[in-house]
Amino acid sequence: MIRFLLCASALASTLSLAACGEAAEIAPPPASAPAETQTGQAMVAAANPLAVEAGLEALRAGGDAVDAAIAVQSVLGLVEPQSSGLGGGAFMLYFDAGTGTLTAYDGRETAPDSASPDLFLDENGQPLSFYDAVFSGHSVGAPGAVAMLALAHGDHGELDWSDGFDAAIELAENGFAVSPRLHGLIAGTAPRTPLDEWPASRDYFFLEDGSPLPVGHPLRNPAYAASARAIAADWRNLYSGPLAEAIVTAVQDEPRPGGLTVSDLAGYQALRREAICRPYRQWTVCGMPPPASGGVTVNEILGLLESYDMAATGPESVEGWRRFIEASRLAYADRDAYIADPDFVTVPVAGLLADDYISDRASLVAGSTATPHVTAGIPAGIHVPGFDATPDSPGTSHFVIVDNDGDVVSMTTTVESTFGSHRMAGGFFLNNQLTDFSRIPVDAEGRMIPNAPEAGKRPRSSMSPTIVFDAEGQFVLATGSPGGSSIIGYTAKTLVGMLDWGLTPQQAIDLPNVVANGDVVRIEAGMDPAILAGLQDLGFTLDANRGEISGIHIVRRLEDGTLIGGADPRREGVARQP
Ligand code: GLU
């Protein structure tokens, strides 16, 4: 408890993150807390009912949140292959209720030893187009989700590691029904996702007459079952031996073969990092540190809003959204300027979250009309780097698990773009995560971009697995979303929605998404036309009435210990109890 409070106050005052130690400790529930707030409640919220059921089954079998996470991930990789899987990466926050310890696990994909800043430049020094880069072998990083789960399992698992793959193996062997969303993505996104051009994905996803698998088609994946069996026997079987060789063969395939080798795979390391925690009103909001930009940027948005009475300006008010938009624009500008792999560049995490920096920048939220153009600030501890406007496209999945002991997993997991690089090995897709690097290494003014590719580096992520605690260090809620760089806006919306606007998890999810990164504000269809008109009157440039593919999953604990969940209707998920 003391350690966490020191950490939180260090963030708030002296900003020395190093003072927080390796894992931020959260106060355990007070001994006087009612029993039902400590045990007996569990929930899984994820993007597919089969994955949720696998997680619940792990909990019923006596597993904890990490055991359930392994089961959820191994099934998601099969039934939601467009979003995450054995060939992808992930970030996970894990709260151990018994010890009050919060750990951030980094399973981010890593660039091969052969990578250099010109990874995505063609022979004329020009950047490849985004999709030429995505579908090239250059985009594939050494996958980290499996190694990360193995690390977390070693720390916290209760069941055998292999148990986490039982449900996935059974579904892969016996078949699962193709979901409407999977069908739509197979059918609907060509020619940008040429699934029917690669033999492995063509044979898997299309009927003999070339038509995409229909909804409900019983899909078997023996190759996935074999991979899952190998990984269940030993997680290292993904990183060496026949599976590793199959991955490298797929990466080195035409067009534009990539440089990932078996030695890159064998050298992959999942990491424990220190979560980013910052007070927000009476709560403490914890998120993922760099190379994820989520923890810093979500906390910066909240920090910029804290001096404003957001509860008094709810989601039905133009003023509430104006503040949310301006805070988002300011925090996104800082994110684009500063965040990258901290093992390669200096990331001014403490400077960006310093009270004096936040309070200076929060004054920019005070105006009554739209700020015409927003730029990055200059926090302590940084020179001005190049500006990185790397786009990314929405794949990815977020899930939350609370187990019977009150332990919590908040995990965002991804193959990056929809179906990743489209290259398959062992029945699963290989990520295209390296396109989260800046494809150009220097900006228009010739300044080096912190998020440029380098050997052994991890690309900047927007993933924002988040856990919120109350003043006693008790778990309040966990949230997060897929959605590329919009993840930050989606996640911040749910936090403001629940913490300031008093919404339930489902109401916060359902609220139209508002993503303000730059001069154009994206507003999802469903927003009250009076709010749109009001924002326009203030001078904002809106891209309104658009679709936003968030995939937010939330579990919240009420004061009486009851858990309530929420699942994003924009995807196919559910929140259920064992
Ligand atoms: N690759 C993105 C990231 O790590 C996530 C992509 C997505 O959500 O679709 O930030």
Side-chain angles (χ1 to χ4, degrees), residues 46-47 76-77 80-85 87-93 104-111 120 130-131 133-134 139-145 148 181 185 189 192-193 273 287-298 332 335-336 339-341 388-399 410-422 429-439 451 453 457-466 479-492 494 513 515 517 522 547-553 568 570-571 573:
L76 281 178
E80 199 200 29
Q82 67 270 25
S83 293
S84 76
F91 291 110
M92 180 174 103
L93 289 187
Y105 289 97
D106 174 347
R108 187 65 163 168
E109 293 89 337
T110 300
F120 292 114
F130 182 66
Y131 284 102
V134 168
S139 70
V140 184
M148 184 199 80
R181 186 156 197 274
L185 289 169
T189 51
R192 286 202 321 184
T193 57
R273 294 191 187 270
M288 198 69 212
S293 55
V296 173
T297 315
V298 166
Y332 265 114
R335 168 223 185 242
D336 288 350
I339 299 183
D341 185 340
D388 177 9
T390 307
D392 46 12
S393 67
T396 312
S397 212
H398 179 79
F399 60 85
S410 184
M411 174 163 157
T412 315
T413 175
T414 182
V415 288
E416 212 306 282
S417 294
T418 308
F419 301 112
S421 65
H422 287 56
F429 282 102
L430 305 183
N431 68 83
N432 66 295
Q433 211 64 244
L434 302 191
T435 58
D436 271 6
F437 283 124
S438 174
R439 271 170 297 134
N451 187 35
K457 194 172 177 182
R458 297 175 185 218
R460 180 191 66 191
S461 169
S462 305
M463 294 195 281
S464 309
T466 303
T479 182
S481 179
S485 58
S486 307
I487 289 172
I488 291 163
Y490 299 156
T491 304
T494 66
N513 285 305
V515 182
N517 179 5
R522 295 186 354 230
E548 290 288 339
I549 321 168
S550 56
I552 306 157
H553 294 101
D568 201 322
R570 302 164 186 86
R571 303 223 178 186

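Keep in mind that what you see is a predicted model, and the values were worked out from it rather than measured. Counting convention: from 1, in listed order, for ligands and their atoms alike.
In summary, the side chains of Ser550 and Asp568 do present a donor paired with an acceptor at a separation below 3.5 Å, with no hydrogens or angles considered. In the model, Ser397 has no side-chain atom that pairs as donor or acceptor with a side-chain atom of Ser83 under 3.5 Å. Judged purely by distance below 3.5 Å, without hydrogens or angles, the side chains of Thr412 and His398 pair a donor atom with an acceptor atom. Counting only N and O atoms by type, the side chains of Ser485 and Arg335 include no donor and acceptor under 3.5 Å apart.
Of the heavy atoms in Gln433, only side-chain atoms (C-beta onward) come closer than 4.0 Å to ligand 1. The part of Arg108 lying near ligand 1 is the side chain, judged by heavy-atom distances below 4.0 Å.
Below 4.0 Å from some heavy atom of Ser462 lie the following atoms of ligand 1, by number and element: 3 (C), 4 (O), 10 (O). Residue-ligand proximity, Met463 to ligand 1, at heavy-atom distances under 4.0 Å covers atoms 3 (C), 4 (O), 10 (O). Close approach to Ile487 involves these atoms of ligand 1, each under 4.0 Å from a residue heavy atom: 8 (O). Close contacts between ligand 1 and Asp436 involve ligand atoms 1 (N), 2 (C), 3 (C), 4 (O), 10 (O) [criterion: under 4.0 Å to a heavy atom].
A salt bridge does not link Arg458 with Asp341: none of the charged nitrogens is closer than 4.0 Å to a carboxylate oxygen.
Shown here are the side chain to side chain donor-acceptor pair (under 3.5 Å) partners of Gln433, two or more places apart in sequence or in another chain: Arg108, Glu109.
Taking each heavy atom of Val515 and Tyr490 in turn, the nearest pair found is CG2-CE2, 3.7 Å.
Between Thr396 and ligand 1, a contact under 3.5 Å exists for at least one N or O pair. Between Gly483 and ligand 1, at least one pair of N/O atoms sits closer than 3.5 Å. Taking only nitrogen or oxygen atoms, main chain and side chain alike, Pro482 does not reach within less than 3.5 Å of ligand 1.
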